[in-house]
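Just below is one structure, and these are the notes that go with it.
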Amino acid sequence: MSNTLENAKNDVAALRKQLNEYNYQYYVLDDPTVPDAQYDRDMQALIALEQEFPELKSANSPSQKVGGAALSAFEQVTHEVPMLSLDNAFDDASLLAFEKRLKDRLKDNAPLSFSCEPKLDGLAVSILYENGELVRAATRGDGQVGENITANVRTISNIPLSLRGEQWPERVEVRGEVFMPRDGFEKLNESQRGKGAKVFANPRNAAAGSLRQLDSKITAKRPLMFYAYSLGVVQPDTFELPNSHSERLNKLASWGLPLCPDISTADGGNGCLEYYNLILNKRDALPYDIDGVVFKVDDIAIQNRLGFVARAPRWAIAQKFPAQEEVTTLIDVEFQVGRTGAITPVARLEPVFVGGVTVSNATLHNQDEIERLGVKVGDTVVIRRAGDVIPQVVSVVEANRTGSETEINFPQQCPVCDSNVEKLEDEAVARCTGGLICAAQRKQALKHFASRKAFDIDGLGDKLVDQLVDADLVHTPADFFTLPLSSLIGLERMAEKSATKLLDSLEASKKTTLAKFLYALGIREVGEATAANLAMHFTTLDAIQTATLEALVEVQDVGNVVAEHIFNFFNESHNTDVINALLEVGIHWPAVEKREEANLPLKGQTCVITGTLSEMGRSDAKARLQVLGAKVAGSVSKNTDFLVAGEKAGSKLTKAQELDVDVWDEATLIAFLNEHEV
Ligand SMILES: NC(=O)c1ccc[n+]([C@@H]2O[C@H](COP(=O)([O-])OP(=O)(O)OC[C@H]3O[C@@H](n4cnc5c(N)ncnc54)[C@H](O)[C@@H]3O)[C@@H](O)[C@H]2O)c1
Ligand SMILES: [Zn+2]
């Protein structure tokens, strides 16, 4: 801390300049560059200096001011009663000191009651009702003058346009917080990311940016909510209101205004601390962000005796929660490969306490996100950890750049298996294409390979696959077929008899079909039906392996994206090696005969599917019937040739029976598909 007046003067000037800049970014642009925690630290430092050197105090200091100037793009609204800020307490001791200050000032040691309210992290709004009708709404602005945002506020669905009942004052100003619930915020950002539009750092900025819109149609699309927490102007002033703040809130509720469901009352500072802990424990589970709790002396007469200072009422305080956003340094970026081959950049951070825990990793989502953030290794970054959502890097503090930061290079090769990385233009995610050999994807790929619709290997369930991989016995699907009896017998719950049985079913599974083989490879987005279409179209594995993108999109149901997945898969030499190994161990299938369309078994037939199919999904059934030439319709008519009826079939089955349409149960369908399988 600076100890000479001269030093203090410089520090105070620097802090004021910095805080004014932060205020401008936050209140005017809705686009802060540092987290609240950083702002609060600077503000506390300024307040401490101003207390130590009272001669440096100034009415123009950011410590004495509320918010930021109203934007001139909006009509200005002068508040009849100023909209102030709140004093802060950052720990239990300062909360108890607040209570003591009140008692000293009142010269009364009688216990005080408090209204206790979550401190919603949004923005303060004033809503004026005349004769029960909403006539005007405004932002807080600098506390004296706010922005007219009536049209925008009208679009918020839980704000009543008319008050309920008749017992309200002729003119009444309701104050409260407009905020964006977390799930709405996540969805909004997801859709903004998808559109390449502005992504918001946190729900508070999203709420402010959405409410302070010149076009209320945009506001209307944003998931905003409002909770009331106080009254402003009340006219006539003879109108009788309850004598306590908490009862006044209930009055607001009786007029149809929404209140935060977690509001309560408490006795004394200790009661307040209990409430603080209660809400802190609930914080992560709440559907909205809060940055603390607010305590207000409940008795209005006592509130009036206590009065105000320049910036805030004396009778209220906000006790802040641990910050959910903090600044730290990005030390490095690692690339993790998920079970499906998705490659996620993970930020390695200088450990930082945020959202109540120490965080040293955060997600960077994908390459697009890295580009959007413009983040480099060595940067000071803002980390957000709220609720159950994994910690995220939300922005870069560019002011802290030194020039020694380095670019983040997205790998072209999988960091686990060295296969090529695939990044399609329409997809944000980059993926490893070595599906058959990549250790990160191994278990998933092997389980899929052995599954019922693929190789259907009896006795080779998920648990056994886990064991085989963990014991390092199987790396690729081809290894299944060369497992020696001796190494199986060593495994858990695997006696000689079951091991022999497993080898038998492996042997039996070697005879398959081309469609099943293709499906078993686990190529992205190639399900049973697409595999069948591919088999039918090309008839040989070789033709598929060497097909061009143009040839692939010729296949029914194969679009550009799927074609690229298939093409990239077969062009990864690691995958080709495994395919060759599979053929070498004796996997085989009957030749696929090219069927002319006119010769398809269900050519010219129309069918309908209804009820629940337990063995295959309805969409699989539909696709496979289409492969065999059928038209699948939505409703039963006299043109329907047959109805596939699963469990719990209803009106369609009745209709089919009335019209004497053939009805197939699931077993009939499966038998038919097997008989005609490609
Ligand atoms: N990151 C930045 O650059 C930056 C810049 C400026 C301000 N800020 C943040 O804003 C804070 C200061 O903002 P402020 O002046 O709005 O003060 P504040 O947020 O600390 O407290 C006052 C506000 O709390 C809100 N509030 C929520 N629930 C309430 C309730 N039940 N009763 C009364 N009010 C309730 C209201 O909007 C009110 O205006 C700072 O502490 C900082 O966290 C950050
Ligand atoms: Zn890989």
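Atoms within a ligand are numbered from 1 in the order they appear, just like the ligands themselves.
A cation-pi geometry, defined here as NZ or CZ lying under 6.0 Å from the six-membered ring centre and within 45° of its normal, holds between R204 and Y26.
Residue-ligand proximity, P118 to ligand 1, at heavy-atom distances under 4.0 Å covers atoms 28 (N), 31 (N). Residue E117 approaches ligand 1 through these ligand atoms, each under 4.0 Å from one of its heavy atoms: 30 (C), 31 (N), 32 (N). Near R311, with a cut-off below 4.0 Å to any heavy atom, the atoms of ligand 1 are 15 (O).
The shortest separation from a heavy atom of M43 to ligand 1 is not under 4.0 Å, leaving the residue out of contact. Not a single heavy atom of S230 sits less than 4.0 Å from an atom of ligand 1. Every heavy atom of Y227 sits 4.0 Å or more from the atoms of ligand 1. Ligand 1 has at least one atom lying under 4.0 Å from a heavy atom of P35.
Here the shortest heavy-atom pairing between R248 and L231 reads CD-CD1, 4.1 Å. Between Q319 and L273, the closest heavy-atom pair is OE1-CD2, 3.7 Å.
Nearest protein neighbour of atom 39 (O) of ligand 1, counting heavy atoms only, is R140 NH1, 2.9 Å. Regarding atom 37 (O) of ligand 1, its nearest protein heavy-atom neighbour is E177 OE1, 2.5 Å. The nearest heavy-atom contact from the protein to atom 19 (O) of ligand 1 is K119 NZ, 2.7 Å. Of all protein heavy atoms, the one closest to atom 10 (O) of ligand 1 is Y26 OH, 3.5 Å. For atom 28 (N) of ligand 1, the nearest protein heavy atom (residue, atom name, distance) is L120 N, 3.4 Å. Ranking the protein heavy atoms by distance from atom 32 (N) of ligand 1 puts K296 NZ, 2.8 Å first. For atom 40 (C) of ligand 1, the closest heavy atom belonging to the protein is D40 OD1, 3.3 Å. Closest protein heavy atom to atom 17 (O) of ligand 1: S85 OG, 2.9 Å.
With a 4.0 Å cut-off on non-hydrogen atoms, R175 does not touch ligand 1 at all. Proximity of Y22 to ligand 1, defined as any heavy-atom pair under 4.0 Å, is shared by backbone and side chain alike. Residue N88 touches ligand 1 through its side chain alone, judged by heavy-atom distances below 4.0 Å. Looking at K320 against ligand 1, only its side chain comes within 4.0 Å, counting heavy atoms. Counting heavy atoms closer than 4.0 Å to ligand 1, residue A316 contributes nothing at all.
Side chains of F114 and L112 form a contact here, defined as non-hydrogen atoms less than 4.5 Å apart.
In this structure a side-chain-to-backbone donor-acceptor pair under 3.5 Å is present from Y129 to P160. At distances below 3.5 Å, at least one donor-acceptor pair connects side-chain atoms of S244 with backbone N or O atoms of E247. Between the side chain of N189 and the main chain of F200, a donor-acceptor pair closer than 3.5 Å is present. Between the side chain of N575 and the main chain of T433, a donor-acceptor pair closer than 3.5 Å is present. Although no hydrogens or angles enter the test, the distance criterion places a donor-acceptor pair under 3.5 Å between the side chain of D298 and the main chain of S246.
Considering the Zn ion (ligand 2) as centre, the angle to SG of C438 and to SG of C414 is 120° (10° rounding).
There is a side-chain donor-acceptor pair under 3.5 Å between H365 and Q392. A side-chain donor from one of N568 and E422 sits under 3.5 Å from a side-chain acceptor of the other.
Ligand 1 has an N or O atom lying under 3.5 Å from an N or O atom of V34, backbone or side chain. For ligand 1, the polar-atom distance check finds an N/O of D36 within less than 3.5 Å of one of the ligand's N/O atoms.
Taking the six-membered ring wherever Trp is involved, the centroid distance between the rings of Y276 and F295 does not fall below 6.0 Å.
Using cut-offs of 30° and 60° on the angle between ring planes, the pair F179 and Y227 is tilted.
When the options R384, R41, R385 are evaluated for a salt bridge (charged side-chain N to carboxylate O under 4.0 Å, His left out) with E326, the one that passes is R41.
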